[in-house]
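These notes are about the structure you will find just below.
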There are 2 protein chains.
Amino acid sequence: MYLFMEKKAKNIKELAAVLGISVTTVSRVLNGKADKYRISPATGKKVLDAAREFNYYPNRIARGLRLEKTETLGLIIPDIANPFFSSIAKTIEFESRRHGYSLIFCDSLDDIQTETELLNLLASRKVDGIVLAPVGQSNKHLMDFLKRGIPLVIIDRHMPGIPIPYITTDNYSGAVDAMEYLVASGHRTIACIQGLRGISVNNDRVRGYRDVLIRNGIPVDNSLISGDDFGEENGYIQTRILMSREDPPTAIFALSNLISLGVLRAINETGLSIPDDISVVAFDDQPYSSFLASPMTTVDQPKEEIAKIAVKVLLDYIRNGSIDMDTGIMLKPKLIIRKSVKRITDRHDQAQRPHV
Amino acid sequence: MYLFMEKKAKNIKELAAVLGISVTTVSRVLNGKADKYRISPATGKKVLDAAREFNYYPNRIARGLRLEKTETLGLIIPDIANPFFSSIAKTIEFESRRHGYSLIFCDSLDDIQTETELLNLLASRKVDGIVLAPVGQSNKHLMDFLKRGIPLVIIDRHMPGIPIPYITTDNYSGAVDAMEYLVASGHRTIACIQGLRGISVNNDRVRGYRDVLIRNGIPVDNSLISGDDFGEENGYIQTRILMSREDPPTAIFALSNLISLGVLRAINETGLSIPDDISVVAFDDQPYSSFLASPMTTVDQPKEEIAKIAVKVLLDYIRNGSIDMDTGIMLKPKLIIRKSVKRITDRHDQAQRPHV
DNA sequence: TTTATATGCACAAACGATTGTGCAAAAATA
DNA sequence: TATTTTTGCACAATCGTTTGTGCATATAAA
């Protein structure tokens, strides 16, 4: 009977009791402060051995209360089922844990109300800091949240004029690369299916789209810039509309991976094929991008870098209690060229394009 | 100046102070126990108003310490970047929050050592319960963990002979459906690229594969059952090997979505095409499955159901402090037929297949 | 008017850890 | 041996809640 009894200590008091010493000493040893408080090596060893033997793990809730830090970070993401975000979440969790932090994960369901509630929830749970991939255009709730003094960094988007550090893709540069490639391939009528208007991600990408056209002397046709949502459905609808025009585009620039899935569905249904009938470039590379009916040319965002840097910036913020609020990091994405863009022989003897 | 000062109460003491009443009363009102302790409605209203006005949110760490429950669940998953798991994670987070629980999310990186550490970490963080998608075959660490008395449910896999409730797909039935379809389409030489051997998920799927062959009078060729990992690379390698045989299979049954991506890569490289040269059926449907070069026929696991039921079972477990440890729920998957399987006209006048 | 009951709230302990300070005993110095 | 210094550890307060119990005052019953 006795043989099968697990030796256990459910709290530091029990552990101290079996050792016949005070909880103070046990705590100090366990926190590596034996030297600072002049605990003898003999006592130190006894404590360490006992902790192992009795399978003692400190109660981190109590610890959090006393230390006023929980070694926990919060992560709020609009949709974890979106591979772009799940990939970022993976790295954030890994990096956090590597630094001794756990992660409370929340999905805002792309809803700003939920996002607001989640921020408060994380605050009441006393996370030491938050990584937020914000939804929506409004940032009033963020301004309010700032007052609580909880370290916060933003990823994916940035909110101009609001003093919160951010780490994002250089969306402008990504769009420019993609568009230069399309233009270089001879395309002149290029549609742009955009996501949520008004947010930085979208603005920057659309700006890249326009600039490249202008720079190449191609008139910007606003009716070719359509859509208003990063989801699949939007991609589908806009493509159906675009392809029913009298002068359909020869190429579509889809501003998100989900949009591009919608584009594919519409093209499938229309019986067209990529790239022969229509060329497509999409933002955000995916593991399956190269296995699609026609392997997709994509703008690959540096997801891992974004996540790593976000955690690093956040931890600095936490440790120093402050940070340069102008911290804004934009990472260059990479154009991955596959087979979804057709090379068009140009009818006009196009003047030499100026280079970027 | 005064106008711009936010009214704040950082803890219940401050709030009680401005109201001129005791923290006891404040706490009771805030927890809806006004009646039980006969707080007058007037006082009750005062407290509620003040809480709102002073933007007071209780410190849930302190609460957790006192109540010995944190209203937090733990989730351990082998790879959040895998869409199968990210989709499950999304539902688990949503359902948890709906019931007032937050989620500490951990990625075990498919590593059993990490998984063990995470279990201890979550224990020391005093989560009220854990949903675990276990990695590896061994379950010794789970047996050890059980002694801690923390409610635990397992998803995706089940561990025979270990008293932990589980919720999984009925993998056997899914495999049977897929195989019956392949056989009905005239295939006789069907390869099976499996994942990690020895675990229930894999065993059950392989058993389904075998049983259907036997039931249809097709000899089981063990050399057609290959592979040992659920990853993409395994799918790739095994396909290359299979396709270089003298008698290559006419169909491949890929036992995971990642394996099927590897299969696609190999087939692509070999210059073959689906379904003309080779048919493919894969376990686990994905959002992009229908947009692949040839839309893939898949076994769709009831991810959302699994997640919902897992949370429900776990919460029951937590509330009752115990549960029937024989709880084991297997949900039927659904075969989604697309265009990756070729209908083969049978050379032999095959006898009527017995039906399931 | 006196006694019994109901009403409305506060005191103080507890949850499990950390830490400034204090106090013996041992060692070093005088 | 007497004094000072060092060594080794413990006391008790604290973090922000929750809650059993108790104590006045107000109301009802006698």
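Within every chain, numbering begins at 1; the chains are lettered A, B, ... in the order of the sequence lines, protein sequences first and strands thereafter.
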Whether over 12 other heavy atoms sit under 6.0 Å from F94(B) CZ: no

Closest to the side chain of S40(A), out of dG8(C), dG8(D), dT17(D), is dG8(D)

For dT18(D), does either OP1 or OP2 sit under 4.0 Å from a side-chain N or O belonging to K33(B)? no

Evaluate whether atom NZ of K69(A) has more than 12 neighbouring non-hydrogen atoms of other residues, nucleotides or ligands under 6.0 angstrom away. no

Choose from dA10(D), dT18(C), dC15(C) the nucleotide whose nearest atom is closest to any side-chain atom of V23(A). dT18(C)

Between I21(B) and K10(A), which has a closest nucleotide on DNA chain C that is more 5'? I21(B)

Proximal nucleotide (of dT19(C), dT7(C), dT18(D)) relative to the R38(B) side chain: dT7(C)

Euclidean distance, D79(A) CG relative to K90(B) NZ, rounded to 0.5 Å: 3.5 Å

K13(B) vs dT17(D): side-chain N/O to OP1/OP2 distance below 4.0 Å: no

Should the side chain of T24(B) and the base of dT18(D) be counted as holding a donor-acceptor pair, with the cut-off at 3.5 Å? no

Looking only at side chains, do R148(A) and N120(A) share a donor and an acceptor under 3.5 Å apart? yes

Tell me if the side-chain of T43(A) makes a donor-acceptor pair with the base of dC9(D), cut-off 3.5 Å, by modelled atom types. no

Establish, with yes or no, whether the OP1 or OP2 oxygen of dC15(C) is under 4.0 angstrom from a side-chain nitrogen or oxygen of N11(A). no

Whole-Å gap separating C1' (dT18(D)) and CD1 (I12(B)): 8 Å

May I have the distance from N31(A) (atom CG) to dA17(C) (atom C1'), rounded to whole angstrom? 9 Å

For dG22(D), does OP1 or OP2 lie under 4.0 Å from any side-chain N or O of Y37(B)? no

T43(A) vs S40(A), side-chain hydrogen bond (donor to acceptor under 3.5 Å, both in side chains): CA-CA, chis, key distance, verdict: CA-CA 5 Å; T43(A) 309; S40(A) 71; 2.8 Å; yes

Provide, to the nearest angstrom, the distance between the NZ atom belonging to K46(A) and the C1' atom belonging to dC9(D). 11 Å

E68(B) has an atom CD; how far is it from atom P of dT19(D), in whole Å? 11 Å

Considering only side-chain heavy atoms of S27(A), which listed nucleotide, dT19(D), dT17(D), dT19(C), is closest? dT19(C)

Answer yes or no: does a side-chain N or O of Y57(B) lie under 4.0 Å from OP1 or OP2 of dT17(D)? no

If every non-hydrogen atom of F145(A) is compared with every non-hydrogen atom of A123(A), which pair is closest and at what distance? CE1-CB, 4.1 Å

Measure NZ/K45(A) against P/dG8(D) and give the value in whole Å, please. 17 Å

Nucleotide dA17(C), atom P - distance to CZ of R125(B) in whole Å: 14 Å

So what does R28(A) touch, heavy atoms closer than 4.0 Å: a base, only the sugar-phosphate, or nothing? base

Whether T25(B) contacts dA10(C) is assessed here as follows: a side-chain N or O lying under 4.0 Å from the phosphate OP1 or OP2. Is that the case? yes

When we call it a touch if two heavy atoms are under 4.0 Å apart, what does R63(A) touch: a base, just sugar-phosphate, or nothing? sugar-phosphate

Picking from dA17(C), dT18(C), dA10(D), which would you name as closest to the side chain of N59(A)? dA17(C)

Can you check the R60(B) CZ to dC15(D) C1' distance for me, whole Å? 18 Å

Taking atom C1' of dT19(D) as reference, at what distance in whole Å does atom CG of L67(B) sit? 10 Å

